[in-house]
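In what follows, chains carry the letters A, B, and so on, assigned in the order in which the sequence lines appear, proteins first and then strands, with residues in each chain numbered from 1.
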Amino acid sequence: MTEAPLGRRLCELTRNVESGGYRIFSVLDADGPEPAPGQFCMLATERGWGGEDGRPYLARAFSVAGAEGQGGGVRLDFLVHGVGPGTDRLASLEQGERLWVTGPLGIGFSGPRELAPDAAGAILVGGGIGVAPLAIWRRALLAAGTPTRVLLGYRDRERSGGLDLFDCSEIRLASEDGHAGHRGYVTDLLAVLLEGDDASSAAVYACGPPAMLEAVRALCLEREVACELAMEAPMGCGFGACFGCAVPLAAGGYMRLCVEGPVVRADRVETALVAGSGH
Amino acid sequence: MGAPASLELCGLELSHPVINGSGTFDAIAARGVFGDALLSSFPFSAYVSKTITPEQRAGNPPPRLWETPSGLINSIGLPNRGLDGFLEGDLPKLAELPVPLIVSVMATSHGEFARLVEGVSPRAEVAALELNISCPNVESGLVVGESPEEAAALLGLLRPLTEKPLIVKLTPNAHPAPVALAVEAGGADAVSLINTLRSTAVAPGGAGPWLGGERGGLSGPAVRAVALSQVAEVADAVSIPVIGMGGIARGGHALDFIRAGATAVAVGTESFRDPGAGARVARELAAEVDAEGLESAAAARGTFGQRGPDRPENLSQNP
């Protein structure tokens, strides 16, 4: 994985555009290294961090959705959706304003062959804001010539962003309100795919809300399909200092998701329904 | 800007006055994240380990964190590998750090506390021990750090077991000065404060506590004024060095704690927001010392208690 520079650094927001109810952020990281797909950064605004009621206080964790070398540094893309004081403040940032970036952090995705020796392709399963890390991973898989299918699910039209980060023609969509693609869950699409003959030769990569991840985990474990989950847990620091992002392990005890994840093998965790995630 | 001034803290040579609060910076995990830059630019002048307990602990069930106005409640539950795991697995890695190592220990009985001190203290890699006494003594049911008698009894047991400096971490959940005086009389070499303030949070949209461990400890800028007051009170009471902490996020805050009587300061929760915070606070402190025309940070120590001739009489009035 890519090592992070020690300390946070001020970076300029070069893009903040609307995308299906979310915001696509681009940040110019003049000194930072290029992250590995699945890694994340901790973000906080330079100004106005700690507004009404003294919050936000801690930085917030965001998966890297895209990265590209630019002018000696790297352009980092993130998908942002305002759901609380931190994400609301970030979403309101204007182009040219600056934010604190720590990262890239964590362990990203493993290649399909690392997950299963006979894996011939990849199936990416994303839900909501969780489509972000799958966008950068898909690009890497394509560059490596790995056959890749993309299944994305959204609750409703108001929260259906990030498609712009993908090539839409290759995506199979599901939506709970039926506004696009299959009416229902993205895991319905995955279940059908895994019925097929090639299921045993696929590696599944999923990111999304806890309930979706748990459904993907159960499907893949039942069908013995190799699977990695990009998980979420409330993180205080992102680099193993605070021990806040505890995720229960199948073998007992906990791991710190920030340093042992956020991408973890589905069979390693006891559940994807981690108390406190999604807040 | 002058270079951060070196100092001596109960026999330890520190290159600047800023260390870390126990449990707020995992140097082993951080080395994995930041690589060897962590060693060449280590943020602190001494490293205080996460608290180790006699046996391995998994820690509390999640959720473990709750963000508050300008702060954070944590209910982590002291996950650690236990004494044997620490000595075999962690200590060799911590010995590679370029600064003195202070090992934090906690137990719930005198016998177990003695086992920790006897296990950790002989190791050459260990410069000093910090006693985390924010725990109940199962034999008396009293929280050691909230009872001067309990604290004195513990020091009476542990002091003869080691020649190495013993730093006692004081809790803010009881009047700290009597406990500080008790451990000073018992032979402690320094005290550090504050630990976190007991606190809790209600789960959103429902009854009951949010935290898996139900109660937690508050830290961050939210506690700074409380910490400053307690540091001033303890520093006034004892003659051993005081390590001050609680919401320090900038050099000016560090200087405030030194003015209140601290010899050294610790950065804790601010490191969560900025992994390089310790070094930044040390740099900013040196700049503050220069800007104030002071010879060193030490020259400011304890000046908080000295009322100047032009000091306003109305102490409740903010500038």
Side-chain angles (χ1 to χ4, degrees), chain A residues 1-9 33 39 42 44 49-60 84-86 100-107 233-249 252-260 271 273-279, chain B residues 20 23-43 50 56-80 203-204 210-212 219-222 268-280:
Chain A
M1 288 302 126
T2 305
E3 281 178 2
L6 177 59
R8 62 180 182 176
R9 51 204 186 275
Q39 287 192 293
M42 300 297 289
W49 196 254
E52 193 183 338
D53 194 32
R55 296 179 63 211
Y57 167 64
L58 299 164
R60 303 297 198 250
W100 292 109
V101 176
T102 303
L105 301 166
I107 308 289
M235 286 181 188
C237 66
F239 62 99
C242 77
F243 286 73
C245 55
V247 168
L249 292 169
Y254 302 99
M255 70 165 164
R256 283 172 284 178
L257 192 68
C258 68
V259 285
E260 294 191 54
T271 174
L273 297 170
V274 180
S277 58
H279 281 271
Chain B
N20 67 298
T24 63
F25 196 94
D26 182 336
I28 297 172
R31 179 134 185 229
V33 174
F34 303 113
D36 287 343
L38 185 75
L39 302 187
S40 56
S41 307
F42 197 71
K50 191 164 171 61
Q56 181 176 327
R57 290 173 58 93
N60 289 338
R64 291 178 168 183
L65 301 179
W66 179 258
E67 187 179 76
T68 73
S70 302
L72 169 70
I73 302 175
N74 83 77
S75 178
I76 307 299
L78 299 177
N80 77 101
W210 165 256
L211 297 162
S219 65
T269 310
E270 182 65 5
S271 292
F272 298 167
R273 293 162 25 106
D274 176 7
R280 174 173 55 76

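Taking the side chain as every heavy atom from C-beta outward, P275(B) and T102(A) approach each other to under 4.5 Å. When side chains are defined from C-beta on, P85(A) counts as touching R60(A), because their heavy atoms get closer than 4.5 Å. P104(A) is listed as a side-chain neighbour of P33(A), based on a closest heavy-atom distance under 4.5 Å. Side chains of L105(A) and V259(A) form no contact here, defined as non-hydrogen atoms less than 4.5 Å apart. For the pair I73(B)/W210(B), no side-chain contact is recorded, criterion being any heavy-atom separation below 4.5 Å from C-beta on. Looking at Y254(A) and P79(B), their side chains never come closer than 4.5 Å, going by heavy atoms from C-beta outward.
Of the two parts of R9(A), neither the backbone nor the side chain holds a non-hydrogen atom closer than 4.5 Å to a non-hydrogen atom of chain B. Only the backbone of N60(B) comes within less than 4.5 Å of a heavy atom of chain A; no side-chain atom from C-beta onward does. For chain A, the nearby parts of S70(B) are the backbone and the side chain; heavy atoms of each come within less than 4.5 Å. Residue A44(A): no heavy atom, backbone or side chain, is found under 4.5 Å from chain B. Neither the backbone nor the side chain of M1(A) has a heavy atom closer than 4.5 Å to any heavy atom of chain B. Within the 4.5 angstrom heavy-atom criterion, atoms from both the backbone and the side chain of L38(B) approach chain A. For N74(B), no part sits under 4.5 Å from any heavy atom of chain A, backbone or side chain. Looking at R57(B), there are no atoms closer than 4.5 Å to chain A (heavy atoms on both sides), in backbone or side chain. The part of T68(B) that comes within reach of chain A is its backbone (N, CA, C, O), which places non-hydrogen atoms under 4.5 angstrom from that chain.
Separation of atoms CZ (F25(B)) and CZ (F272(B)) is listed at 10.5 Å; rounding is to 0.5 Å. Interatomic distance, CG of D274(B) versus CZ of R8(A), reported as 4.5 Å (0.5 Å rounding). Between atom CE of residue M255(A) and atom CZ of residue F243(A) there is a gap of 14.0 Å, rounded to the nearest 0.5 Å.
Among G236(A), A275(A), G240(A), the residue making the largest number of heavy-atom pairs under 4.5 Å with chain B is A275(A). When G35(B), S271(B), G71(B) are compared by the number of non-hydrogen pairs under 4.5 Å with chain A, G71(B) comes out ahead. Interface check for chain A: of the options P221(B), G59(B), A222(B), the most heavy-atom pairs under 4.5 Å are formed by P221(B). Residue with the most contacts toward chain A among I28(B), T24(B), L72(B), V33(B): V33(B) (heavy-atom pairs, distance under 4.5 Å). Taking R273(B), Q56(B), E67(B) one by one and counting their heavy-atom pairs under 4.5 Å with chain A, the maximum is reached by E67(B). Listed options L6(A), I107(A), L58(A) were ranked by heavy-atom pairs under 4.5 angstrom with chain B; first place goes to L6(A). Of the listed residues (V247(A), D53(A), T2(A)), the one with the most heavy-atom contacts under 4.5 Å to chain B is D53(A).
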Checklist entry - Given the rule in the side chain to side chain contact (heavy atoms under 4.5 Å, CB included) test, do W100(A) and M42(A) qualify, once you have shown the distances and angles that lead to the verdict? => result CA-CA 8 Å; W100(A) 292 109; M42(A) 300 297 289; over 6 Å; no
